[in-house]
Protein chains: 2
Amino acid sequence: MAPRTARLSAQDWTRGALDLLMAEGVAALQINRLCADLGVTRGSFYWHFADLTELEAAVAERWCEETRERLDQLAELDRLPPRERLRIMTLHLIDDASWSVERALREWARSTPQVAAVVGESDQHVFELVERAIVELGHDPTVARTRAGLLVYAGIGFAHGQSTLPKPTEADVDQLLDFLAEPAS
Amino acid sequence: MAPRTARLSAQDWTRGALDLLMAEGVAALQINRLCADLGVTRGSFYWHFADLTELEAAVAERWCEETRERLDQLAELDRLPPRERLRIMTLHLIDDASWSVERALREWARSTPQVAAVVGESDQHVFELVERAIVELGHDPTVARTRAGLLVYAGIGFAHGQSTLPKPTEADVDQLLDFLAEPAS
DNA sequence: GATGAACCATACATAGGTGTACGGTTTGGA
DNA sequence: TCCAAACCGTACACCTATGTATGGTTCATC
């Protein structure tokens with residue numbers, strides 16, 4: 001992306017690795033490939049990292065931090081009314097590119113327990129936020145649990161769809177939230 | 001799984017490859033690994049297939065067929081009332097192991113357009129089945145589209161969750177379908 | 001029971017990826 | 001200005017996975 005002007009730091013490598021993950025998936029996470037992207041040779045890599053697994057650990061760690069920050073920002077939505085909160089989270093999921101990292105991470109999580117743990121924690125956190133919002137809308141916990149599960153799973157599914165399925169518009173989201181917010185019959 | 005008694009056919013290889021995909025993902029789809037599973041050496045593989053991509057094509061083709069059959073079975077649910085239809089499809093998704101193949105295939109689809117096409121087609125078909133069922137429940141097309149999208153995306157998400165998130169019980173599914181079936185306010 | 005095709009094992013050659021060794025260049029500070 | 005550390009390039013060894021060549025087994029069939 002940004003033309004390389006100076007020398008690289010470890011952060012530049014983890015940044016590049018995350019970009020690669022987003023763009024081409026775990027299979028593309030190779031040293032040579034990364035060096036090509038960063039315009040540098042293998043010697044540079046092995047100065048910053050002992051080996052590939054050390055880079056992978058650093059990448060996982062970094063994504064973990066970024067995700068935590070992102071979730072903290074979401075937590076600050078607490079001041080907003082619950083309906084608006086859900087709306088922001090959903091729209092954020094749809095048009096942001098964040099899900100493309102998430103997809104790669106979930107793929108990666110399959111073969112790396114450390115990554116799987118972070119992804120699971122993140123899912124759990126989002127689920128709780130959504131569940132709480134629905135409770136605040138006036139539903140009892142059982143209903144909230146069901147509807148939160150539905151929405152969160154749908155979010156994960158959307159991130160993985162890449163799909164021939166229709167991408168929801170903003171109007172669709174509003175209709176969806178009307179639906180999720182409505183009282184049980 | 002089944003002890004190998006006789007010599008292998010091409011179908012045995014595609015079967016083994018699908019098993020491998022299910023169990024360990026695309027990264028494990030290697031000739032040596034497959035030979036070990038089937039208790040045979042590379043010489044056998046290269047008698048049945050010209051190279052790896054030919055096997056991959058055969059595997060994709062086979063999954064395509066199996067999926068089509070599965071969808072045809074779903075289509076036969078047309079005789080059942082729509083509510084029961086949705087119930088069967090949802091329960092089928094939850095406790096069947098079929099989603100573990102699907103997850104691997106979606107992962108694979110990312111790097112193989114041919115596979116992506118098949119997955120997309122399958123998604124589309126399921127979506128239409130669900131949408132139609134909801135229309136038959138008495139909803140107008142706009143509502144049906146939203147709710148069908150929600151349910152199908154949630155299904156995909158569930159398949160990819162592998163997750164710390166709660167796995168819905170049969171009672172949860174019934175509550176969920178009550179919710180999806182209820183008239184718009 | 002002999003024969004050709006189907007099926008498999010073994011032994012290479014090759015390519016691409018990781019990791020190591022070491023020398024060269026850039027940079028900040030004494 | 002000069003030096004030590006930070007940073008990078010180059011060359012090499014190694015391992016693993018693919019693909020090829022070739023010969024050996026097994027099976028059906030006459």
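Hydrogens, waters and symmetry mates are skipped; everything else that's a heavy atom, side chains included, is used. Naming: A, B, ... by sequence-line order, numbering from 1 per chain.
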> Can you check the A/L34 CG to C/dG17 P distance for me, whole Å?
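About 13 Å, once rounded to whole Å.
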
> Distance check needed: C/dG17 P versus B/Q30 CD, whole Å only.
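About 14 Å, once rounded to whole Å.
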
> Hey, does A/D51 reach any base, or is it just sugar-phosphate, or nothing, if we go heavy atoms under 4.0 Å?
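Sugar-phosphate contact only.
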
> Below 30° counts as parallel, above 60° as perpendicular, anything between as tilted: where do the rings of A/H48 and A/W13 land?
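The rings of A/H48 and A/W13 sit tilted, inter-plane angle from 30° to 60°.
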
> Choosing from D/dG9, C/dC8, D/dG19, which nucleotide comes nearest the side chain of B/I31?
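Of all the options, the side chain of B/I31 is nearest to D/dG19.
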
> Can you find a side chain N or O atom of B/H48 that sits less than 4.0 Å from OP1 or OP2 on C/dA6?
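So the side chain of B/H48 is outside the cut-off, no N or O lying under 4.0 Å from OP1 or OP2 of C/dA6.
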
> Within this structure, what is the OH-to-C1' distance between B/Y46 and C/dT14, rounded to whole angstrom?
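About 12 Å, once rounded to whole Å.
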
> Report the distance from atom CZ of B/F45 to atom P of C/dC7, rounded to the nearest whole Å.
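Whole-Å distance recorded here is 15 Å.
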
> Rounded to whole angstrom units, what separation is found between the CG atom of A/L52 and the P atom of D/dC15?
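Spelled out: CG on A/L52 to P on D/dC15 is 18 Å.
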
> Please confirm whether any donor atom in the side chain of B/R42 sits under 3.5 Å from an acceptor in the base of D/dG19, or the reverse.
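By the distance-only test, yes, there is a pair.
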
> Among D/dC7, C/dG19, C/dA9, which nucleotide sits nearest the side chain of B/S44?
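Between D/dC7, C/dG19, C/dA9, the one nearest the side chain of B/S44 would be C/dA9.
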
> Between C1' on C/dT26 and CG on A/L8, what's the gap in Å once rounded to a whole number?
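So the two atoms are 13 Å apart, to the nearest Å.
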
> Please report the distance, rounded to the nearest Å, between CZ in B/R7 and C1' in D/dG24.
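Going from CZ in B/R7 over to C1' in D/dG24 covers 11 Å.
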
> When clusters are formed by joining ILVMFWY residues with side-chain heavy atoms under 4.5 Å apart, either directly or through shared neighbours, do B/L77 and B/V126 land in the same one?
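Yes; B/V126 is reachable from B/L77 via cluster members.
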
> Should the ring pair A/H160 and B/H160 be called parallel, tilted or perpendicular, given that the plane angle runs from 0 to 90° and is split at 30 and 60?
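A/H160 vs B/H160 ring planes: tilted.
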
> Checking salt bridge (Lys or Arg N to Asp or Glu O under 4.0 Å) against B/E66, which of B/R68, B/R70, B/R62 comes through?
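Answer after filtering B/R68, B/R70, B/R62: B/R62.
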
> Just the rounded figure in Å: distance from C1' of D/dT10 to CG of A/N32.
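Spelled out: CG on A/N32 to C1' on D/dT10 is 13 Å.
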
